[in-house]
Amino acid sequence: MRFGTRVAAWTGGLSALLVAVTVGSTMIGSVSLAPTGVVKAMLDALPWLSFEVPKATRIIVVKVRLPRIALAAGVGFALAAAGTVMQGFFRNPMADPSIVGVSSGAAVGAVAVIALGIQVPYGLPAAAFATGLVTAFAVYLIATEDGRTPVATLLLAGVAVQTFLGAVISYMLLHAGESLQDAVLWLMGHLHNADWGDVTVVAVTLPVLFPILLAYSRDLNVLLLGEEDAHTLGVEVERSKRILLAVSALVTAAAVAVSGVIGFVGLIVPHVMRLVVGPDHRILLPTSALAGASFLVATDAIARSGPAEVPVGIVTAAFGAPFFLYLLRTREVHAL
Amino acid sequence: MTDPIVEVRGVSVDLGGVEVLSDVDLTVESGRFVGLIGPNGAGKTTLLRTINGVLAPDDGAVRVDGQHVTALSASAVGRRVATVPQNTNLSFSFDVRQVVAMGRNPYVSRFGTESVRDRELVERALERTDVAELADRPITDVSGGERQRVLLARALAQDASVLMLDEPTASLDVNHQVRTLELVADLVSEGRTAVAAIHDLNLAAHYCDELVLLSDGRVLDAGDPEDVLTEENLQTAFDARAAVTSHPVTGSTYVTALPERDGDHETRVHVVAGGGTGSRLLYLLDAAGYDVSAGALSEGDADLRAALQLGLDVVETPPYAPVDDAAEREVRERVREAAVTVVADVEVGPGNLPNLRAASEADRLVLVEQRPFTERNYAGDDGWQAYEPLREHGRVVDPDDVVGAVESVLAGDPPQVTDAVADVEDG
């Protein structure tokens, strides 16, 4: 099969899966809805279509469930995309979107707002977004010397900064008092009380940023051969690295700002997709992102379908890890 | 000759405070195969990395095709210079074809995909380097030697006029070493230019049009292989003794590394040999630290070649000519000066009888016997008459024991009945 056809087939299939998971997830909740009602309500919400839908169904679908599901899809898409890029960038299977400190930085901002009650313009997401980006940029500056950023230095600088910020967060939690539970819930990752405003954050950033990552997916492939080889094969190594790092930090920060630290999606989904479609980022990146969206929508549906809601981060880890271990044992896995 | 395609002018490179290259000049004409040789750490790889733009020189300039490499974009350099690295980070399981297709990266625009021509060049590169049958295998599954050829295929797919190779044969078996360099030589004859760091001096001498000898980050010598590969140059660059001859079959310059001599080279040993019976003895005695002389040997004799390679003092006679009076006198003189004379398992005919007669006057004598004298006597009774006295006061040994025997006769040990003697007497 031609490469272009293969990419189209996989992205088409995974897009269809995402639609199916979205519809399925919208049906689930305290009030079970029929698939036809859900689809009609969704289509009715589109400005150029109109269907007859009971008012209650429309409110449940459009106002209650869909914002949360759309946010789950956007966040899953963003985290899996950023995770794919970071694993390739660092040539390290343990890399995930938080590796350069974006999540820790965002967590410091969020916990500061929640626990210390600091008031910031545009609220908690803005604070988290800003501190996440500042942290990533600081890590980048620490690791850069003479215009070069060795990935090993960047990795270690990221680990050190995360450890330091972990201490800061722990200290703030100690003094959080009554807001401790809110802070911990944020840290575990959450999608509840999502509104269309949160969705807008990812809906605006992803269509701009994801195409940039896609455009650099060929560079990412060549960078996997090592930076020196990549240079001789026509890649402007340091420039490509800067762009990949900056864009995936922005993508991660946008996701974390609205959903907290949802672990595992950015680590596991790229691995699973690499086992399925291979290491070529031109197909791996779009398929991982789409699979990440479906994965998070599905796990969030599980998270909220029980008698008491559990943070989605717990569900992603609880389901993702065993599934990954199963793949690890049944399929031939290479170094990455 | 055309314009230089690669021009390196006064290039110095510092890596971590160490000057790896200092004031290097190098001109490569289009359509030439240039070999970079030199000891480990001489700067061969660094020079290659400077030419392909991976390293920016601290001083000096590198021009490819008349353009400063540092001023070109990475993809512009990638279209002019293709590099075959010594090893590469290939831990991701791309299949072989994907790795080779990465050679087209300098040509494909950021949003474009590979064209039909790109794919054709990839297939052709796979064929030419003998890796077409591996095309669908993961690169992580192929052997080190196959990997090396995949990297060569990648460079071919790059379709650049200059090919840079860093130890292209390092992990290859003999067959693939030759095939790889033949392929590079073919590409050069088709008009490409190749610059290769090559460890094996003899492969370099055979395949390269020119050699550049690097030592301590400087160009020690450059030019035709036979002019660069001299014993003095090798001594300076590698700090090693080497014999430089021409290969008997290919005619290429041929280097043989020799062990460091131990000992003081004050004790003289004279060797009577011929027809290749003495080459190894000469080598062993020289390496053991004796001041060795040999002869008389006629021109064209294998032992004469060996003696000259080792730089020994030799009595020479014209080809096939008998040892005349003058030569015999010279041999006697050397036997007299020698503390020990060694007679190899040589075939004896009327022509070289004087050698044996001269040897019989030696103070201490070691006689190497592999075959009974009957089998190698072509001089009849004269032969026996000359040989008997040698057997009477010489120590008879196997060829491998010769150094030990020389030591022991020098020490004045009484002769022992060795196996060799017993064999001959039984026979």
Side-chain angles (χ1 to χ4, degrees), chain A residues 2-8 87-93 145-148 151-152 211-241 243 270-271 274-275 277-284 331-336, chain B residues 45 48-49 51-56 69 72-95 97-114 116 118-119 138-141 150-151 154-155 157-158 160 162-164 166:
Chain A
R2 286 274 305 278
F3 184 73
T5 329
R6 206 167 149 246
V7 177
Q87 285 171 10
F89 182 97
F90 284 100
R91 276 169 262 143
N92 188 320
E145 204 185 338
D146 297 336
R148 284 176 182 260
V151 291
I212 301 176
L213 292 180
L214 268 187
Y216 276 86
S217 58
R218 188 196 305 276
D219 288 32
L220 205 46
N221 284 346
V222 181
L223 277 169
L224 289 183
L225 302 182
E227 294 183 9
E228 205 166 309
D229 275 26
H231 183 93
T232 70
L233 292 169
V235 174
E236 300 288 354
V237 172
E238 292 301 329
R239 196 186 68 189
S240 294
K241 276 162 61 185
I243 289 171
H271 274 297
R274 197 175 283 112
L275 290 174
V277 300
D280 188 337
H281 286 93
R282 289 173 297 168
I283 183 164
L284 178 61
R331 302 207 38 160
E332 197 178 346
V333 181
H334 300 290
L336 201 70
Chain B
T45 302
L48 289 176
R49 291 167 78 206
I51 297 175
N52 68 18
V54 168
L55 285 178
V69 162
L72 292 172
S73 70
S75 52
V77 176
R79 289 191 289 265
R80 290 169 172 80
V81 183
T83 305
V84 181
Q86 198 166 352
N87 42 43
T88 190
N89 183 345
L90 291 172
S91 53
F92 275 77
S93 52
F94 284 108
D95 61 41
R97 183 180 279 109
Q98 285 175 313
V99 172
V100 175
M102 289 185 193
R104 299 305 299 162
N105 194 59
Y107 297 88
V108 183
S109 75
R110 182 162 302 291
F111 298 97
T113 49
E114 284 142 18
V116 176
D118 290 326
R119 282 197 292 275
I139 188 70
T140 41
D141 286 4
V150 172
L151 294 179
R154 192 182 79 190
Q158 223 170 319
V162 182
L163 211 53
M164 310 278 273
D166 193 1

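Below, chains carry the letters A, B, ... as their sequence lines are ordered, and counting in each starts from 1.
Taking 4.5 Å as the limit, some side-chain heavy atom of L72(B) sits within range of a side-chain heavy atom of R80(B).
With salt bridges taken as basic N to acidic carboxylate O contacts below 4.0 Å, one links D280(A) and R282(A). We find that D219(A) and K241(A) are not joined by a salt bridge, their nearest charged nitrogen and carboxylate oxygen being 4.0 Å or further apart.
If you measure heavy-atom distances from V81(B) to chain A, the contacts under 4.5 Å come from the backbone alone. In this structure, chain A has a heavy atom under 4.5 Å from the side chain of R49(B), while its backbone stays farther away.
Between the D146(A) side chain and the R148(A) main chain, no donor and acceptor come within less than 3.5 Å of each other.
Top candidate by heavy-atom pairs under 4.5 Å with chain A, chosen from A160(B), G78(B), G53(B), is G53(B). Per-residue counts of heavy-atom pairs under 4.5 Å with chain A were compared for G103(B), A74(B), S73(B); the largest is that of A74(B).
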